[in-house]
Amino acid sequence: SEHHNHPTIVGTAPEIVMAAIAARTQRIRIGSAGIMLPHYSAFKVAEVFRVLDALAPGRIDMGLGRAPGSDQRTSAALALGPGALPLEAYPDQVADVIRYMTDTVPQGHRFVGIRATPASDGMPTPWLLGSAYDSARFAAEQGLAFSFAHFISPEGGGPRVVQAYRDAFRPSALLQEPLVNVGVAALCAETDAEAHRIGMSRHLMRLRRAEGRTSPGVPSIETALATEFSEPELDYIRYQQSLAVEGSPERVRAGLEELAAEYGVDELLLVTITHDYAHRLRSYELLAEAFDLTPRD
């Protein structure tokens with residue numbers, strides 16, 4: 001993912017991380033979730049993903065979004081330079097990225113004849129990221145895959161947004177049928193109690209953010225457990241716990257399967273934020289075991 005000037009998230013350059021992962025793996029798909037297109041030239045983004053596809057053919061997913069991924073001042077710093085485009089130009093930018101990737105820049109376009117290189121027989125799979133109806137409609141109209149951020153908008157309207165995408169989908173040269181995945185906040189530990197204990201770090205971080213307080217990072221579990229919360233703050237934390245899928249392997253598997261069925265999807269993207277990286281890694285290990293996922297030889 002791409003965030004800027006954000007002490008709790010270090011993903012300022014997804015394309016660099018993707019290249020590093022591609023160099024160390026052979027089979028897994030690698031995707032951006034996403035590149036915040038309003039900050040950049042559509043042509044430059046197309047070139048970057050052409051290079052990534054050359055490094056890992058057939059394994060790259062090009063996720064595009066339009067959120068700033070930062071505060072307004074940081075967005076302004078990113079926009080410094082000639083030709084900065086307003087947010088309203090996002091649909092045209094998406095169209096241009098696809099044109100450059102497919103070498104279909106039309107006559108009359110001011111950059112006709114310019115090609116994104118290196119050329120290859122394939123191209124990264126483009127996805128549009130979103131958490132609301134406007135993003136779903138745009139993805140549907142463009143005939144592109146849609147990745148819905150349930151972890152951002154989990155209050156119950158997500159399945160309707162995804163269905164709106166399916167209903168409005170127009171087949172394109174890139175995709176003949178609607179294609180959806182869903183991003184979910186999930187945390188797995190050996191027991192429900194341990195998962196809730198570890199999860200308090202993330203819930204305190206979100207509480208501080210909701211209260212407009214800056215945080216140097218994800219608070220430690222000890223800090224979270226030692227904090228005295230008011231009743232409204234406890235209500236907020238309970239609400240956040242209800243939105244995440246948190247608990248033992250059995251509980252989290254059941255929760256994820258329920259969400260997948262509710263959305264009608266067979267792919268979920270898991271967002272796991274913890275203070276200690278070891279807890280995050282263990283969460284993924286436990287879920288891999290719970291879903292009977294084993295490494296291939």
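The basis for the numbers below is simple: all heavy atoms, side chains too, and nothing from hydrogens, waters or symmetry mates.
Aromatic ring orientation, Tyr90 versus Phe138: tilted (interplanar angle from 30° to 60°). Ring planes of Tyr100 and Phe43: perpendicular class, angle over 60° (limits at 30 and 60°). Using cut-offs of 30° and 60° for the angle between ring planes, the Tyr263 and Phe148 rings count as tilted. Classified by interplanar angle (parallel below 30°, tilted 30° to 60°, perpendicular above 60°), the ring pair Tyr165/Phe169 is perpendicular.
Residues Arg50 and Ser120 have side chains that bring a donor and an acceptor to within less than 3.5 angstrom of each other.
Using a 4.0 Å cut-off between charged nitrogen and carboxylate oxygen, Arg66 and Asp134 count as a salt-bridge pair. Using a cut-off of 4.0 Å between Lys/Arg side-chain N and Asp/Glu carboxylate O, Glu141 and Arg137 are scored as not salt-bridged.
In this structure, Asp235 CG and Glu233 CD are separated by 10.0 Å, a value rounded to the nearest 0.5 Å. A distance of 8.5 Å separates CG in Leu225 from OG in Ser220, rounded to the nearest 0.5 Å. Rounded to the nearest 0.5 Å, atoms CD1 (Ile35) and CE (Met62) are 9.5 Å apart. Here His203 contributes atom NE2 and Phe229 contributes atom CZ; the two are 10.0 Å apart, rounded to the nearest 0.5 Å. In this structure, OG1 on Thr125 lies 5.0 Å from CG on Asp61, to the nearest 0.5 angstrom.
In this structure, Trp127 and Leu179 have side chains that are in contact, with non-hydrogen atoms separated by less than 4.5 Å. Contact annotation: the side chain of Met123 approaches that of Leu174 to within less than 4.5 Å [non-hydrogen atoms, C-beta and beyond]. Using a 4.5 Å cut-off on side-chain heavy atoms (C-beta onward), Leu256 and Leu270 make contact. Counting heavy atoms from C-beta on, the side chains of Ile60 and Arg29 never come closer than 4.5 Å. Inter-residue side-chain proximity for Val184 and Leu259 is flagged as met; some heavy-atom pair is nearer than 4.5 Å. At a threshold of 4.5 Å between non-hydrogen side-chain atoms, the residues Phe151 and Leu269 do not count as touching. Using a 4.5 Å heavy-atom threshold, the side chains of His275 and Met205 count as separate. Contact annotation: the side chain of Leu204 approaches that of Thr223 to within less than 4.5 Å [non-hydrogen atoms, C-beta and beyond].
Using a distance-only test at 3.5 Å, with no hydrogens or angles considered, no donor-acceptor pair links the side chain of Arg202 to the main chain of Ile273. Between the side chain of Gln240 and the main chain of Tyr236, no donor-acceptor pair closer than 3.5 Å is present. For the pair Arg59 (side chain) and Ile28 (backbone), a donor-acceptor distance under 3.5 Å is present. Between the Gln93 side chain and the Tyr40 main chain, a donor and an acceptor come within less than 3.5 Å of each other. Judged by distance alone, with hydrogens and angles left aside, the side-chain atoms of Glu2 form no donor-acceptor pair with the main-chain N or O of Ala13 at under 3.5 Å. The closest donor-acceptor contact from the side chain of Thr12 to the backbone of His3 lies at 3.5 Å or more, if one exists at all. Looking at Thr274, its side chain does come within 3.5 Å of a backbone N or O of Asp276 through a donor-acceptor pair. Under the 3.5 Å distance criterion, the side-chain polar atoms of Ser147 are left unmatched by any main-chain donor or acceptor of Leu129. Side chain of Thr25 to backbone of Ile21: a donor-acceptor contact under 3.5 angstrom is found. Between the side chain of Ser283 and the main chain of His279, no donor-acceptor pair closer than 3.5 Å is present.
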Under the salt bridge (charged side-chain N to carboxylate O under 4.0 Å, His left out) criterion, do Glu231 and Arg238 qualify, and how do the steps go? CA-CA 10 Å; Glu231 196 58 35; Arg238 294 187 193 106; 3.3 Å; yes
Side chain to side chain contact (heavy atoms under 4.5 Å, CB included) evaluation trace for Val265 with Asn181: CA-CA 6 Å; Val265 298; Asn181 63 33; 5.8 Å; no
With side chain to side chain contact (heavy atoms under 4.5 Å, CB included) as the criterion, how do Met200 and Gln241 come out once you've worked through the C-alpha distance, each side chain's angles and the decisive distance to 0.1 Å? CA-CA 9 Å; Met200 283 300 295; Gln241 287 173 327; 4.1 Å; yes
Under the side chain to side chain contact (heavy atoms under 4.5 Å, CB included) rule, what do Ile98 and Gln142 come out as? Steps first, then yes or no, please. CA-CA 10 Å; Ile98 303 302; Gln142 298 298 309; over 6 Å; no
Output, in order, the C-alpha distance, side-chain angles, deciding distance and verdict of side chain to side chain contact (heavy atoms under 4.5 Å, CB included) for Ile198 and Ile221. CA-CA 6 Å; Ile198 296 169; Ile221 297 173; 4.0 Å; yes
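Between Ala42 and Leu37, the shortest heavy-atom contact is CA-CD1, 4.5 Å. The shortest non-hydrogen separation linking Ser201 to Val218 is CB-CG1, 3.8 Å. Counting all heavy atoms, side chain and backbone alike, Pro126 lies closest to Leu144 at CG-CD2, 3.9 Å. Here the shortest heavy-atom pairing between Ile30 and Met18 reads O-CE, 3.5 Å. The minimum heavy-atom distance between Ala33 and Ser1, with the atom names listed, is O-CB, 3.3 Å. For the residue pair Ala46 and Ala116, the shortest heavy atom distance occurs at CB-CB, 3.9 Å.
No more than 12 heavy-atom neighbours from other residues, nucleotides or ligands sit within 6.0 angstrom of CD on Gln26. Environment of CD in Glu258: sparse, with no more than 12 heavy atoms of neighbouring residues, nucleotides or ligands closer than 6.0 Å. Atom CD of Glu177 has 12 or fewer heavy atoms from other residues, nucleotides or ligands within 6.0 Å.
Under a hydrophobic-cluster definition in which Ile, Leu, Val, Met, Phe, Trp and Tyr are linked whenever side-chain heavy atoms come within less than 4.5 Å, directly or via other members, Leu64 and Val17 are assigned to the same cluster. Tyr284 and Leu187 fall into different hydrophobic clusters, where Ile, Leu, Val, Met, Phe, Trp and Tyr are joined by side-chain heavy atoms under 4.5 Å apart, directly or via other members. Taken together through direct or relayed side-chain contacts under 4.5 Å among Ile, Leu, Val, Met, Phe, Trp and Tyr, Leu293 and Leu281 form parts of separate hydrophobic clusters.
Every salt bridge (Lys or Arg N to Asp or Glu O under 4.0 Å) that Arg115 has, sequence neighbours left out, goes to Asp103.
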Please output the side-chain donor-acceptor pairs of residues 188-196 that fall under 3.5 Å, not counting sequence neighbours, one pair per line with the distance.
{"unit_1": "Glu190", "atom_1": "OE2", "unit_2": "Arg282", "atom_2": "NE", "d": "3.0"}
{"unit_1": "Glu190", "atom_1": "OE2", "unit_2": "Arg282", "atom_2": "NH2", "d": "3.2"}
{"unit_1": "Thr191", "atom_1": "OG1", "unit_2": "Glu194", "atom_2": "N", "d": "3.0"}
{"unit_1": "Asp192", "atom_1": "OD1", "unit_2": "Ser248", "atom_2": "N", "d": "2.7"}
{"unit_1": "Asp192", "atom_1": "OD1", "unit_2": "Ser248", "atom_2": "OG", "d": "3.2"}
{"unit_1": "Asp192", "atom_1": "OD1", "unit_2": "Arg251", "atom_2": "NE", "d": "3.2"}
{"unit_1": "Asp192", "atom_1": "OD2", "unit_2": "Arg251", "atom_2": "NE", "d": "2.9"}
{"unit_1": "Asp192", "atom_1": "OD2", "unit_2": "Arg251", "atom_2": "NH2", "d": "3.1"}
{"unit_1": "Glu194", "atom_1": "OE1", "unit_2": "Arg197", "atom_2": "NE", "d": "3.0"}
{"unit_1": "Glu194", "atom_1": "OE2", "unit_2": "Arg197", "atom_2": "NH2", "d": "3.1"}
{"unit_1": "His196", "atom_1": "ND1", "unit_2": "Glu246", "atom_2": "OE1", "d": "2.7"}

